[in-house]
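Owing to the predicted nature of the structure, the values given are computational and were not obtained by experimental measurement.
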Amino acid sequence: VQLQASGGGLVQAGGSLRLSCTASVRLNHMGWYRQAPGKQRELVATMTFDGTTNYLDSVKGRFTISRDIAENTVALQMNRLELDDSGVYYCYAKWLRAYWGQGTLVTVSS
């Protein structure tokens with residue numbers, strides 16, 4: 001299983017970015033985690049086949065996860081970005097075990 005992520009970059013606080021990830025196979029559970037320097041990796045948002053979502057509390061109302069099941073893609077629209085949103089974002093997928101993409105850097109500047 002391969003996960004190919006794109007998006008990310010440098011943005012000012014209050015701005016928006018969109019991340020996208022394509023999986024090589026169809027997987028039930030897809031989403032995004034992130035890791036800031038010196039911190040543990042944390043769940044940002046995930047979505048299952050049936051559309052059940054799970055969000056980190058601090059991103060609720062600002063980030064939106066979406067999936068295209070037919071295309072095996074998952075996207076994360078990030079609005080009203082804050083400094084604490086900076087970090088490496090990892091595409092995540094799960095079917096019996098977890099799979100990780102290569103990570104894409106998001107930097108939010110003041």
Side-chain angles (χ1 to χ4, degrees):
V1 176
Q2 292 185 332
L3 302 176
Q4 184 66 45
S6 62
L10 174 64
V11 64
Q12 285 191 324
S16 299
L17 283 173
R18 183 178 178 85
L19 306 180
S20 183
C21 177
T22 301
S24 57
V25 297
R26 190 165 298 175
L27 297 158
N28 177 45
H29 208 170
M30 292 190 73
W32 298 89
Y33 278 66
R34 70 186 182 191
Q35 187 167 19
K39 295 186 178 180
Q40 290 189 331
R41 191 174 297 189
E42 62 183 356
L43 180 151
V44 177
T46 61
M47 179 182 279
T48 60
F49 269 157
D50 65 3
T52 301
T53 58
N54 187 23
Y55 287 96
L56 178 68
D57 282 346
S58 64
V59 308
K60 289 179 180 178
R62 300 188 297 119
F63 291 12
T64 302
I65 189 170
S66 60
R67 289 187 64 176
D68 185 329
I69 302 296
E71 298 294 326
N72 299 335
T73 62
V74 62
L76 184 68
Q77 179 65 41
M78 305 184 292
N79 298 327
R80 304 201 313 273
L81 282 159
E82 302 173 355
L83 297 180
D84 286 346
D85 294 320
S86 295
V88 178
Y89 282 68
Y90 294 93
C91 180
Y92 159 86
K94 184 177 180 181
W95 181 253
L96 302 181
R97 52 151 286 190
Y99 299 91
W100 299 95
Q102 79 277 18
T104 184
L105 181 62
V106 172
T107 303
V108 184
S109 64
S110 59

Query raised in the report: Is there a side-chain contact between R34 and L56, using heavy atoms and a 4.5 Å cut-off?
Result: yes

**Report entry** D50 CG to I69 CD1 distance, which is reported to the nearest 0.5 Å
**Finding:** 9.5 Å

Report task. Can you measure from CG (L27) to CG (L3) and round to the nearest 0.5 angstrom? Result -> 7.0 Å

Query - Flag side-chain contact, heavy atom, 4.5 Å: I65 against M30 - result: no

Requested in this report: Taking all heavy atoms of S110 and all of Q12, pick out the closest pair and write down the distance.
Outcome: O-NE2, 4.4 Å

Query raised in the report: Just how far is it from atom CG of N54 to atom NZ of K60, taken to the nearest 0.5 Å?
Result: 7.5 Å

Query - Distance-minimising heavy-atom pair for R67 and V74 - result: CG-CG2, 3.8 Å

Query raised in the report: Any chance the rings of W100 and Y92 have centres within less than 6.0 Å?
Result: yes

Query - Heavy-atom donor-acceptor pair, S86 side chain to V108 backbone, under 3.5 Å - result: yes

Query - Under 3.5 Å: donor-acceptor pair, side chain of T46, backbone of G31 - result: no

**Report entry** From L83 atom CG to T107 atom OG1, the distance as rounded to the nearest 0.5 Å
**Finding:** 11.0 Å

Query raised in the report: Does Q35 CD have over 12 foreign heavy atoms under 6.0 Å away?
Result: yes

Query raised in the report: Heavy atoms, side chains only, cut-off 4.5 Å: are T22 and E71 in contact?
Result: no

Query - Minimum heavy-atom distance G103-Y90, with the two atoms named - result: CA-CD2, 3.6 Å

Query raised in the report: Is the shortest heavy-atom distance from the side chain of L17 to the side chain of F63 under 4.5 Å?
Result: no

Report task. Calculate, to the nearest 0.5 Å, the distance between atoms OG1 and CD belonging to T73 and Q4 respectively. Result -> 13.0 Å

Query - Residue pair A75 / W32: nearest heavy atoms and the distance that separates them - result: C-NE1, 3.8 Å

Query raised in the report: Do the side-chain N and O atoms of S16 and N79 include a donor-acceptor pair separated by under 3.5 angstrom?
Result: yes

Query raised in the report: Do you know which two heavy atoms are closest between M78 and V106, and how far apart they sit?
Result: CE-CG2, 4.0 Å

